[in-house]
K.L.:
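Shown below is the structure under consideration.
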Amino acid sequence: MVIKKVRTRYAPSPTGFMHVGNLRTALYEYLIAKSNGGDFVLRIEDTDRERYVEGAVDVIYDTLKTAGIIHDEGPDVGGEFGPYVQSERREMYMPYAQRLIDEGKAYRCFCSKERLEELSQSSEFGGYDRHCRDLSEDEINEKLKEGIPYVIRQKMPLSGKTTFSDAVFGEITVDNSELQDQILIKADGYPTYNFANVIDDHTMGITHVVRGSEYLSSTPKYNLLYEAFGWEIPTYVHLPLIMGKNEDGSVSKLSKRHGSTGFEDLIKDGYLPEAIINYIALLGWCPKDNQEIFSMKQLEENFFIEGISKSPAVFDYDKLLWFNEQYIKAMSAEEFTERAMPYYKEVFGDRDVDYSKFAGILQQRLEKFTDIPEKIKFFAELPEYEKDIFINKKSKTNLENAPVNLQEAYERLKALPNWTFDAIHDCLINMAVEKELKNGTVMWPVRIAAAGQKVTPGGAIEILDILGREESLKRLEKGLEKLRS
RNA sequence: GGCCCGGUGGUCAAGUGGUCAAGACACCGCCCUUUCACGGCGGUAACACGGGUUCAAAUCCCGUCCGGGUCACCA
């Protein structure tokens, strides 16, 4: 037996929008190829001119690139099975349809759209009635001479069953009577999606056809086409759908009303590409050892088709958020700072700020980078606050002892020769020891005065350190003022 | 409606005839702690239902119910 090199393909339409469902399909196609040492092909299906969107192809390239899904062949990188843009393959399809006509496996249908419309209304035939299937040679030539537009349909078997095997769903059998004589070539001479797909996949040597399970019920038609040509049938891998949870608890195909569904939108919401990929890889697939965190490389090494689930999965933003946190925590401080920089700038603008210390207080408590501005804006400007936030039961602070302890801390801090983290730390801790106070009784009022808010990233020491001597003392003075008023 | 597919905690899921039915997210509690987090420990919570087959069923068979998909000269 000859082992053929595995080849998968991702064949998106350029709509300018990359749904996470499509992204996951691309991911699995990529992983199936790579886990088998195969090639992953990108093919653009742009035959629908009406839906053409400027720049939409770039969205596909950009998304795949930032997601880390790299194609071996495609319009931009070439390959020996080109062209990889369907509109450039236009001429290829008709000869195949003609071949089927010549072999008696397909026929020209001259029925008008109006007639077809009526048929579907009457529902007597459940669709097309195969009116043109057995026209005589003379009738056909007559109509051709009259210039009546026609489509080319495939002759489906009138009886019997068609069985195909899917790598995920197993054997599936359908009565041939369910199958209509599908259109191969439209009246405008363009191939239908299904027909073009089969021709392209075969001529590009695709071994594994990977797609969403919404195609499961049209797969017998694909199969019959491969059989009509006498071509080897590829391995079908149908993927379970990604669902969204509705307000009433029901589920339906993931769409906008469930939240962001586009890759770009998720990125804008603050999710990291690595986190999105990691999450959707596990949405419908499970590794042998239940590992959760996967780099793309690890996915390539561990992916296997048998691990793909059959049942639809609900997209869970909470879990995605958790993955995001994990990736943020795992970054080096340098990388964190680099990726956080745009958000720092959002708060501080052009001000000269030493950002190196922010990672220390943010990295362990951040879910998304987009949360940064909200968390650190008190550094840029002291917020308005009520003095009762100086009261904290657990730290044993109240409006009586807060002014006293804050005053003492202020004086001690003011006297510090060096304004460093360690110096501040020792200063305040020593004060607590000497005064026989809980650490919190000293720290709480200092932190509140320095930050102007109850909840802050980092503690009093970190905040004073970042704020610097001048600004810190200014804020503590303000706090004292407030407490005395 | 016909056909196809699916149905293990709120969510993702392991499981393939014998387990006290894993694990993760979320949730709750405790600990740690200068707030919030992080971290650590613990907890609530599931085999849709009804029949079979079998010594034994989440696992196999049938039916019911529920959910989803699909029935284009769209992709």
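Convention: sequence-line order gives letters A, B, ...; per-chain numbering from 1. Both backbone and side-chain heavy atoms feed into the values below; hydrogens, waters and symmetry mates do not.
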K.L.:
I'd like to know if A:R365 reaches the base of B:rC38 with its side chain such that a donor and an acceptor end up less than 3.5 angstrom apart.
P.N.:
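Absent.
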K.L.:
Could you tell me whether A:V446 contacts a base, only the sugar-phosphate backbone, or nothing, with contacts defined as non-hydrogen atoms closer than 4.0 Å?
P.N.:
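Result for A:V446 = nothing.
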K.L.:
From CZ of A:R211 over to P of B:rC5, roughly how many Å is that when rounded to an integer?
P.N.:
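Checked: the CZ to P distance equals 16 Å.
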K.L.:
Can you list every pair that meets salt bridge (Lys or Arg N to Asp or Glu O under 4.0 Å) and has a residue in residues 420-449 of chain A, with sequence neighbours left out?
P.N.:
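The answer is A:E408-A:K435, A:R412-A:E434.
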K.L.:
Rounded off to whole Å, could you give me the CD1-to-P distance for the A:I372 and B:rC36 pair?
P.N.:
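Checked: the CD1 to P distance equals 21 Å.
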K.L.:
Picking from B:rA13, B:rC38, B:rC4, which would you name as closest to the side chain of A:I172?
P.N.:
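Of the candidates, B:rC4 comes closest.
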K.L.:
Ignoring the backbone of A:S217, work out which of B:rG6, B:rU70, B:rA75 is nearest its side chain.
P.N.:
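For the A:S217 side chain, the nearest candidate turns out to be B:rU70.
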K.L.:
How are the rings of A:F315 and A:Y317 set to each other: parallel, tilted or perpendicular (split at 30° and 60°)?
P.N.:
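Ring orientation of A:F315 relative to A:Y317: perpendicular.
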K.L.:
Which atom pairs, one a donor and one an acceptor, fall under 3.5 Å between side chains of residues 370-381 of chain A and the rest of the protein, sequence neighbours left out?
P.N.:
residue : atom : partner : partner atom : Å
A:T370  : OG1  : A:D269  : O            : 3.1
A:E374  : OE1  : A:K377  : NZ           : 3.4

K.L.:
Compute both the distance and the angle, then confirm whether A:R24 meets the cation-pi test with A:Y28: under 6.0 Å from the six-membered ring centre, within 45 degrees of the axis.
P.N.:
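Yes, A:R24 sits over the ring of A:Y28.
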K.L.:
If the glycosidic angle sits within 90 degrees of zero it is syn, else anti. Tell me which applies to B:rC38.
P.N.:
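Because its glycosidic torsion lies within 90° of 0, B:rC38 adopts the syn conformation.
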K.L.:
Give a yes/no answer on whether the side chain of A:K394 brings an N or O atom under 4.0 Å of OP1 or OP2 in B:rU34.
P.N.:
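Looking at the OP1 and OP2 atoms of B:rU34, neither is under 4.0 Å from any side-chain N or O of A:K394.
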K.L.:
Once you round it to whole Å, what is the distance between P of B:rC12 and CG of A:L241?
P.N.:
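Atom CG in A:L241 sits about 13 Å away from atom P in B:rC12.
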K.L.:
Expressed in angstrom and rounded to an integer, what is the separation of A:E171 atom CD from B:rC3 atom C1'?
P.N.:
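It is 18 Å, rounded to the nearest whole Å.
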K.L.:
To the nearest angstrom, how far is A:W444 atom CH2 from B:rC36 atom P?
P.N.:
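It is 7 Å, rounded to the nearest whole Å.
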K.L.:
With the side chain of A:D318 defined as its heavy atoms from C-beta on, choose the nearest nucleotide among B:rA75, B:rC25, B:rA24.
P.N.:
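Among the listed nucleotides, the one closest to the side chain of A:D318 is B:rC25.
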K.L.:
Taking the side chain of A:N439 as heavy atoms from C-beta outward, which of B:rU34, B:rG69, B:rC73 is closest to it?
P.N.:
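For A:N439, the side-chain atoms sit closest to B:rU34.
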K.L.:
Compare the minimum distances between each of B:rG68, B:rC3, B:rA75 and the side chain of A:V174, then state the nucleotide with the smallest one.
P.N.:
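Looking only at heavy atoms from C-beta outward on A:V174, the closest nucleotide is B:rC3.
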K.L.:
Rounded to the nearest 0.5 Å, what's the gap from CD1 on A:I183 to OG1 on A:T192? Could you check?
P.N.:
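Taking CD1 in A:I183 and OG1 in A:T192, the distance rounds to 7.5 Å.
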K.L.:
Can you tell me the base-pairing partner of B:rC65? Count Watson-Crick or G-U wobble geometry only, both distances below 3.5 Å, and say none if there is no partner.
P.N.:
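Across any shown strand, B:rC65 pairs with B:rG7.
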K.L.:
Verify the contact: side-chain N or O of A:N290 to OP1 or OP2 of B:rG23, cut-off strictly under 4.0 Å; return yes or no.
P.N.:
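No, because none of the side-chain N or O atoms of A:N290 sits under 4.0 Å from OP1 or OP2 of B:rG23.
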K.L.:
Nearest whole Å is fine: how far is B:rU34 P from A:I424 CD1?
P.N.:
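For the pair A:I424 CD1 and B:rU34 P, the rounded distance is 17 Å.
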K.L.:
Any side-chain N or O of A:K454 under 4.0 Å from OP1/OP2 of B:rU35?
P.N.:
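Negative; the distance criterion is not met.
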K.L.:
Rounded to whole Å, how long is the line connecting atom CG of A:D289 with atom C1' of B:rG15?
P.N.:
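Atom CG in A:D289 sits about 15 Å away from atom C1' in B:rG15.
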K.L.:
What's A:T173 touching, base or sugar-phosphate or nothing? Going by heavy atoms closer than 4.0 Å.
P.N.:
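Sugar-phosphate: the residue A:T173, judged by heavy atoms under 4.0 Å, touches backbone atoms but no base.
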K.L.:
Would you say A:K288 places a side-chain N or O within less than 4.0 Å of OP1 or OP2 belonging to B:rG15?
P.N.:
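Answer no for this pair, as no side-chain N or O of A:K288 is under 4.0 Å from OP1 or OP2.
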K.L.:
Side chain of A:K319 only, please: which of B:rA75, B:rA24, B:rU11 is the nearest?
P.N.:
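Of all the options, the side chain of A:K319 is nearest to B:rA24.
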K.L.:
Nearest to the side chain of A:C286, which nucleotide is it out of B:rA13, B:rG68, B:rC25?
P.N.:
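The listed nucleotide nearest to A:C286's side chain is B:rA13.
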K.L.:
The side chain of A:K245 is closest to which nucleotide in this list: B:rU11, B:rC73, B:rU70?
P.N.:
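Given the options B:rU11, B:rC73, B:rU70, the side chain of A:K245 is closest to B:rU11.
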K.L.:
Which nucleotide sits closest to the side chain of A:A313: B:rA13, B:rC73, B:rC5?
P.N.:
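Among the listed nucleotides, the one closest to the side chain of A:A313 is B:rA13.
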K.L.:
Distance under 6.0 Å and angle within 45° of the ring axis: does A:K319 meet both against A:Y279?
P.N.:
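No - A:K319 does not lie over the ring of A:Y279 by the 6.0 Å and 45° rule.
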K.L.:
Let me know the distance between NZ of A:K329 and P of B:rA37, rounded to the nearest Å.
P.N.:
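Taking atom P of B:rA37 as the reference, NZ of A:K329 is at 12 Å.
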K.L.:
More 5' along RNA chain B: A:K186 or A:A460, using each one's nearest nucleotide?
P.N.:
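Between the two, 5'-proximity favours A:A460.
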